Amino acid sequence: MSADAVRLMARPEISVLPLYAPDLAECAVDVSDNTNLWGMPPAARRVLADAPMSAAARYPSLYGAPLREAVLRYLELSSAPAIGVVTGCGSDDVIDATMRAFGGPGDRVAFSAPSFSMIPTFARLNGLEPVSIPLTDSFDVDAERLVDLGAKITYLCTPNNPTATLLSRSAVEYVVTHARGVVLLDEAYAEFAPETFVDLTMRAERVLVTRTFSKAFGLAGLRVGYGVGGADLVSMVERARGPYKVNALAERAALAALDPADDALGWVHAHAALAVQNRERMRTALYEIGLAPLPSAANFLFVPTARARLLASALRKRGVLVRAFTGLPTALPALAAAGGAALRIGIGPWEMMQSVLDGLAEATACE
Ligand SMILES: *Cc1c(COP(=O)(O)O)cnc(C)c1O
């Protein structure tokens with residue numbers, strides 16, 4: 001059978017869907033994906049090292065009940081009435097399942113641009129139509145225009161990837177109050193941010209807040225995430241997600257990372273604080289070499305610059321991997337000046353940051 005014949009057997013929206021292919025390369029210093037550059041909590045490492053054979057030989061829990069309880073304790077929602085948690089194979093899995101649960105073929109998924117690059121992919125994967133509205137000049141969500149799309153699913157991200165900026169409470173509340181369908185509020189970087197919107201889950205039945213163990217919790221390779229929201233909403237997402245999604249080792253590590261007795265959370269908070277401290281130091285250092293990072297509420301910096309591609313490839317030759325973006329919406333003044341191009345730099349131990357700065361200084365000197 002030819003490749004074309006196989007392609008014709010597939011669903012059309014799948015056969016044209018590109019594979020996720022960020023510009024990756026083996027680099028000694030990889031600050032390209034916003035993961036925890038200090039590693040994983042020692043408590044999680046210990047449970048992985050000590051896991052009995054049965055942990056891999058038997059199935060994990062059906063829907064992650066022990067982890068759901070631990071997450072509710074962590075979010076201080078254990079006694080909140082009718083609030084539930086759905087776990088997943090990364091928060092990506094929860095986002096994907098939410099679209100599948102609430103959207104049918106042709107329905108819209110509304111989101112701001114620029115935002116999380118996976119959203120249009122998950123929309124198309126589920127037969128939905130992704131529609132975006134540019135962020136405002138102050139990098140806030142354009143709440144009225146977004147709501148006017150009448151989408152079945154509206155996606156908001158705060159702090160937003162890739163801009164690192166926080167959405168305003170008034171704009172988020174406007175969307176939550178007026179949206180027609182479900183509002184997905186992605187808080188992948190909440191542990192670094194001064195504000196969270198988890199409280200909205202108790203006021204609005206339509207809100208699902210997603211979080212992840214891939215960033216502050218240092219477990220990206222194990223793929224664990226979750227969504228929190230009204231119990232009825234969560235129950236629909238759980239049906240669409242299916243059983244046995246979080247694997248047994250990931251479940252153990254995530255539980256250990258949330259264990260108050262082991263002070264694993266202390267490690268997570270201490271390293272999130274370090275990331276915030278290094279982020280501000282890095283922001284100043286980048287200004288000193290003529291770059292203009294946006295204010296950040298996450299563990300990365302977003303640096304609009306027309307030279308994004310050039311700088312990223314110069315850095316790569318020096319063993320440093322950052323993420324370069326091009327073709328971002330130029331409706332925003334900060335991006336218009338840069339022709340829609342920007343660098344995204346993950347924050348980690350200062351030696352790594354120094355390598356980025358040294359590389360940038362050399363690259364700039366060579367021009
Ligand atoms: C990294 C990230 C995620 C996390 O994805 P996982 O599947 O949990 O690893 C979700 N949303 C945004 C905006 C992210 O940047």
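Bear in mind the structure is a predicted one, so any value in this text is a computation, not a measurement.
Shown here for V303 and A292, the closest heavy-atom pair between the two residues is CG1-N, 4.1 Å. G88 and V246 make their closest contact through O-CG2, 3.3 Å (heavy atoms, listed as atom of the first residue, atom of the second, distance). Nearest heavy-atom pair across I119 and M99 is O-CE, 3.9 Å. Taking each heavy atom of A179 and R206 in turn, the nearest pair found is O-NH1, 2.7 Å.
In terms of the side-chain hydrogen bond (donor to acceptor under 3.5 Å, both in side chains) criterion, residue partners of S32 (sequence neighbours excluded) are, by chain and number, D30. With sequence neighbours excluded, the residues forming a ring-ring contact (aromatic ring centres under 6.0 Å, His included) with H178 are Y174, listed by chain and number.
Distance alone, capped at 3.5 Å, is enough to place a donor-acceptor pair between the R11 side chain and the L125 backbone. In this structure, the side chain of E187 engages the main chain of F197 through a donor-acceptor pair within 3.5 Å. Side-chain atoms of R100 do not come within 3.5 Å of backbone N or O of N126 as any donor-acceptor pair. A donor-acceptor pair under 3.5 Å is formed between the side chain of T98 and the backbone N or O of V94. Panel note: side chain R283, backbone P293; a donor-acceptor pair is recorded below 3.5 Å. A distance-only check finds no donor-acceptor pair linking the side chain of R7 to the backbone of S2 [under 3.5 Å]. Listed for the R318 side chain is a donor-acceptor partner under 3.5 Å among the backbone atoms of A314. Side-chain atoms of R108 never come within 3.5 Å of backbone atoms of V131 as a donor-acceptor pair (strictly under, hydrogens ignored). Using modelled atom types, no side-chain atom of N160 and backbone atom of T165 make a donor-acceptor pair closer than 3.5 Å. Looking at R279, its side chain does come within 3.5 Å of a backbone N or O of A298 through a donor-acceptor pair.
The shortest distance between side-chain heavy atoms of D96 and M118 does not fall below 4.5 Å. At a threshold of 4.5 Å between non-hydrogen side-chain atoms, the residues V234 and V85 do not count as touching. Inter-residue side-chain proximity for I347 and M353 is flagged as met; some heavy-atom pair is nearer than 4.5 Å. Put simply, the side chain of P349 reaches to within 4.5 Å of the side chain of W38, judged on heavy atoms. Taking 4.5 Å as the limit, some side-chain heavy atom of M202 sits within range of a side-chain heavy atom of L77. Considering only heavy atoms from C-beta on, L208 stays 4.5 Å or farther from F102 through its side chain.
Considering CG of N299 and NZ of K215, their distance stands at 7.5 Å, rounded to 0.5 Å. Separating the CG atom in L343 from the CZ atom in R309 is a distance of 11.0 Å, to the nearest 0.5 Å.
In this pair, Y59 and Y244 present their aromatic rings parallel. The plane angle is below 30°, not in the 30 to 60° band.
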Exercise. Going through the distances and angles, do D50 and R252 end up as a salt bridge (charged side-chain N to carboxylate O under 4.0 Å, His left out)?
Worked result: CA-CA 10 Å; D50 298 343; R252 275 169 188 262; over 6 Å; no
For this session: With side chain to side chain donor-acceptor pair (under 3.5 Å) as the test, would you mind laying out the steps for D140 and S138 before giving the verdict?
Result: CA-CA 5 Å; D140 203 358; S138 57; 5.2 Å; no
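Within the 6.0 Å centre-distance limit, the rings of F217 and Y74 are counted as a close aromatic pair. Ring centers of F116 and F111: at least 6.0 Å apart, outside the cut-off.
Summarising the local packing, CD of E205 is surrounded by 12 or fewer heavy atoms from other residues, nucleotides or ligands at distances under 6.0 Å. Other residues, nucleotides and ligands place more than 12 heavy atoms under 6.0 Å from the CD atom of Q354. No more than 12 heavy atoms of other residues, nucleotides or ligands lie within 6.0 Å of CZ in R45, so this atom counts as exposed by the packing criterion.
Checking L258, N36, T87, V268 one by one against F213, the side-chain contact (heavy atoms from CB on, under 4.5 Å) holds for a single residue, L258.
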Enumerate donor-acceptor pairs with a distance under 3.5 Å from any side-chain N or O in residues 147-158 to protein atoms, sequence neighbours excluded.
from : atom 1 : to   : atom 2 : distance (Å)
K152 : NZ     : D107 : OD2    : 3.3
Y155 : OH     : D186 : OD2    : 2.7
T158 : OG1    : L167 : N      : 3.0

